[in-house]
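Down below is the structure, laid out as structure tokens.
Values below: every heavy atom of this structure, side chains too, minus hydrogens, waters and symmetry copies. Labels below follow one simple rule: chain letters A, B, ... track the order of the sequence lines, proteins then strands, and each chain is numbered from 1.
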2 protein chains.
Amino acid sequence: MKRGPRGKTRYEIFAYVKSRLKEGNPPTIREVQEAFHLKSVQTARVHLNTLVKENKLMKIPGIARGYRLTKDRHAAQATFIPVLGNVHAGDLNLACEEIECYIPVNQQHTNVELFALRIEGDSMIGQGILPGDTAIIRKQPSAAKGDIVVVLVEGEASIKTYDTDNGKIVLRPENPKYDPIYPDSDRYRILGKVIEIRRCLG
Amino acid sequence: MKRGPRGKTRYEIFAYVKSRLKEGNPPTIREVQEAFHLKSVQTARVHLNTLVKENKLMKIPGIARGYRLTKDRHAAQATFIPVLGNVHAGDLNLACEEIECYIPVNQQHTNVELFALRIEGDSMIGQGILPGDTAIIRKQPSAAKGDIVVVLVEGEASIKTYDTDNGKIVLRPENPKYDPIYPDSDRYRILGKVIEIRRCLG
DNA sequence: CTTTAATGAATACAAATGTATGCTAATATA
DNA sequence: TATATTAGCATACATTTGTATTCATTAAAG
């Protein structure tokens, strides 16, 4: 291969490896070699090892396809959670038909089950939650005073602020147009807590 | 290895491979073998190939570490974008020191540059944008009527609704407490457009 | 222009890894 | 209990892939 200015090929190789790693498909040295039409494996290998020295890549020696991004470039892992178009009353099992799409969340909460719902109506507008917003919900059967929760009352799922008034449960909409609900303790069920709101604009 | 009930080991192997693939680290057959204390490579290989037959995995034959998740399990790719704590006036170069953290976004917009800002103040409360929210911004030098934009006026970056009034630019806060700005055309610069708002609760 | 260090190549070898065949024994089912 | 199917093992071999050595050439720097 014709020789380019110093570092240029290596820079391009880095971009190539990075994209390969992002798609979960770590390349072999020879694949890098072929991708850049280098006539020798060693050329590719020297470039990759230089990238390791520059701390742009790291390497697990000996094993096949052992080049990785440096730890601090990883940032974090993302998980995809399903956005449910509508909540069927009763059970909240994530049947595939109800899944609108998937959105990425930061994977700190490893073992908790998350899902998302599309907000309908303006009942929470006082908390800046608008119709069309996406609410990310952590499944849990209980809540603390002040939490915004997804709650099932009379077979109907909705989003309310969970509050208590003299030991009695209050489910409070955040809109003066609507009245708070004082459900009997066996007439409601908390499905989860809203931990994040997302809104896409234009 | 002692034999378990049918399919159990395979189910566990699938989970193992899945997690390996998620972290971008595809396993070899022998690594699967060792992870499950199987005494023969072939045992692991048969399990993996069965998972392929069951359409839970796919395989690139011949190459090392060639097992992948089936396409439809991929869902989508996520990219991480930086959240900037504060915008330095003038240039919006993402110096590392200003980066608070990274958040995941759906990677549809491959070639556009995204970043995120923490919202300060209540000037956009009328649009349900509260202090502490995270705004995701697409870098762009212009905007359309009605877009919510990050704009630099007098060396100060802020978020406003972009509007026009008889051909003159209006930068409108969404809060009656604040007045709209009518900047001279050479006294402001659009840094980007807000394409998403996120708010973390509790 | 001269020197130096980086780039690229040719080749060989060793280790990692995928593949194949034949066998034993446990599980599930009738 | 008898039988078919599945799980697991042992071993051998082929291919892929990482590693090492040596040399030629050119871009960059003084």
Side-chain angles (χ1 to χ4, degrees), chain A residues 1-70, chain B residues 1-70:
Chain A
M1 191 210 183
K2 228 178 73 187
R3 184 177 298 195
R6 296 207 171 163
K8 189 189 169 211
T9 304
R10 183 156 48 254
Y11 179 83
E12 288 167 2
I13 287 181
F14 178 54
Y16 173 75
V17 173
K18 208 162 50 171
S19 90
R20 286 286 303 257
L21 290 174
K22 268 197 179 169
E23 61 185 48
N25 202 2
T28 65
I29 298 176
R30 279 175 179 80
E31 280 171 358
V32 172
Q33 175 200 343
E34 279 155 36
F36 288 86
H37 305 101
L38 300 167
K39 298 216 181 95
S40 167
V41 212
Q42 188 55 11
T43 305
R45 200 166 98 96
V46 167
H47 274 129
L48 288 167
N49 286 341
T50 307
L51 286 167
V52 171
K53 283 202 196 85
E54 289 172 354
N55 206 31
K56 292 192 175 156
L57 291 179
M58 52 180 280
K59 164 135 214 294
I60 315 165
I63 79 159
R65 302 165 186 275
Y67 291 93
R68 295 293 128 84
L69 287 179
T70 318
Chain B
M1 191 209 182
K2 230 179 73 188
R3 181 179 299 196
R6 295 203 172 164
K8 189 190 170 209
T9 303
R10 183 157 48 254
Y11 180 81
E12 288 166 4
I13 287 180
F14 178 53
Y16 172 77
V17 173
K18 209 163 47 172
S19 89
R20 288 287 302 258
L21 290 173
K22 267 197 180 173
E23 62 187 45
N25 200 3
T28 65
I29 299 175
R30 277 174 181 80
E31 281 170 356
V32 172
Q33 176 200 343
E34 278 153 38
F36 288 85
H37 305 103
L38 300 167
K39 297 214 181 99
S40 167
V41 214
Q42 189 55 10
T43 306
R45 198 165 99 96
V46 168
H47 273 130
L48 288 166
N49 287 342
T50 308
L51 285 167
V52 171
K53 283 202 196 85
E54 288 173 354
N55 208 30
K56 292 191 174 156
L57 292 179
M58 52 179 280
K59 165 138 213 297
I60 315 163
I63 79 158
R65 302 165 187 277
Y67 291 92
R68 294 294 127 86
L69 287 179
T70 316

Margin query: On the nucleotide C/dG8, are OP1 or OP2 found under 4.0 Å from the side-chain N or O atoms that A/Thr9 carries?
Written below: yes

Notebook entry, point to check: Between A/His37 and C/dG8, does any side-chain N or O lie under 4.0 Å from OP1 or OP2?
Noted result: no

Are the side chains of [X] and [Y] in touch, meaning some heavy atoms are under 4.5 Å apart?
X	Y	result
A/Thr43	A/Gln33	no
A/Lys18	A/Leu69	yes
B/Tyr11	B/Leu51	no
A/Leu48	A/Lys59	no
B/Arg20	B/Arg65	yes

Next item on the list: Kindly indicate whether the side chain of A/Ser40 and the base of C/dA10 share any N or O donor-acceptor pair separated by less than 3.5 Å?
Entry: yes

Next item on the list: Kindly say whether, by distance alone, the side chain of A/Arg45 makes a donor-acceptor pair under 3.5 Å with the base of D/dG18?
Entry: no

[X] side chain, from C-beta outward: closest of [options]:
X	options	result
A/His47	C/dT19, C/dT7, C/dA16	C/dT7
B/Arg65	D/dT6, C/dG18, C/dT17	C/dT17
A/Thr43	C/dG8, D/dT19, D/dT17	C/dG8
B/Leu38	D/dG8, C/dT19, C/dT17	D/dG8
A/Val41	C/dG8, C/dT11, C/dA16	C/dT11
B/Arg10	D/dA7, C/dT7, C/dG18	D/dA7
A/Pro61	D/dT19, C/dG8, D/dT11	D/dT19

Given atom [atom1] of [X] and atom [atom2] of [N], what is their separation to the nearest angstrom?
X	N	atom1	atom2	answer
A/Ile29	C/dT17	CD1	P	12 Å
B/Glu34	C/dA16	CD	P	11 Å
A/Lys39	D/dT26	NZ	P	13 Å
A/Asn49	D/dA20	CG	C1'	12 Å
A/Glu31	D/dT16	CD	P	11 Å
B/Gln33	D/dA7	CD	P	17 Å
A/Arg20	D/dT17	CZ	P	10 Å
B/Lys53	D/dT6	NZ	P	10 Å

Check: Using a cut-off of 4.0 Å on non-hydrogen atoms, how would the nucleic acid contact of B/Lys8 be classed: base, sugar-phosphate, or nothing?
Finding: nothing

Notebook entry, point to check: Which is true for B/Thr28 with a 4.0 Å heavy-atom rule: it touches a base, it touches only sugar-phosphate, or it touches nothing?
Noted result: sugar-phosphate

Checklist line | Closest-nucleotide ordering on DNA chain C, the 5'-leading residue of A/Thr50 and B/Tyr67 | finding: A/Thr50

Note to self: Nearest heavy atom decides the nucleotide; on that basis, is B/Gln42 or B/Gly66 closer to the 5' end of DNA chain C?
What the structure shows: B/Gly66

Margin query: side chain to side chain contact (heavy atoms under 4.5 Å, CB included), that's the test. Do B/Val32 and B/His47 meet it? Break it down for me.
Written below: CA-CA 10 Å; B/Val32 172; B/His47 273 130; over 6 Å; no

Item checked: Most 5' of B/Arg30 and A/Ile63 on DNA chain D, judged by nearest nucleotide -> B/Arg30

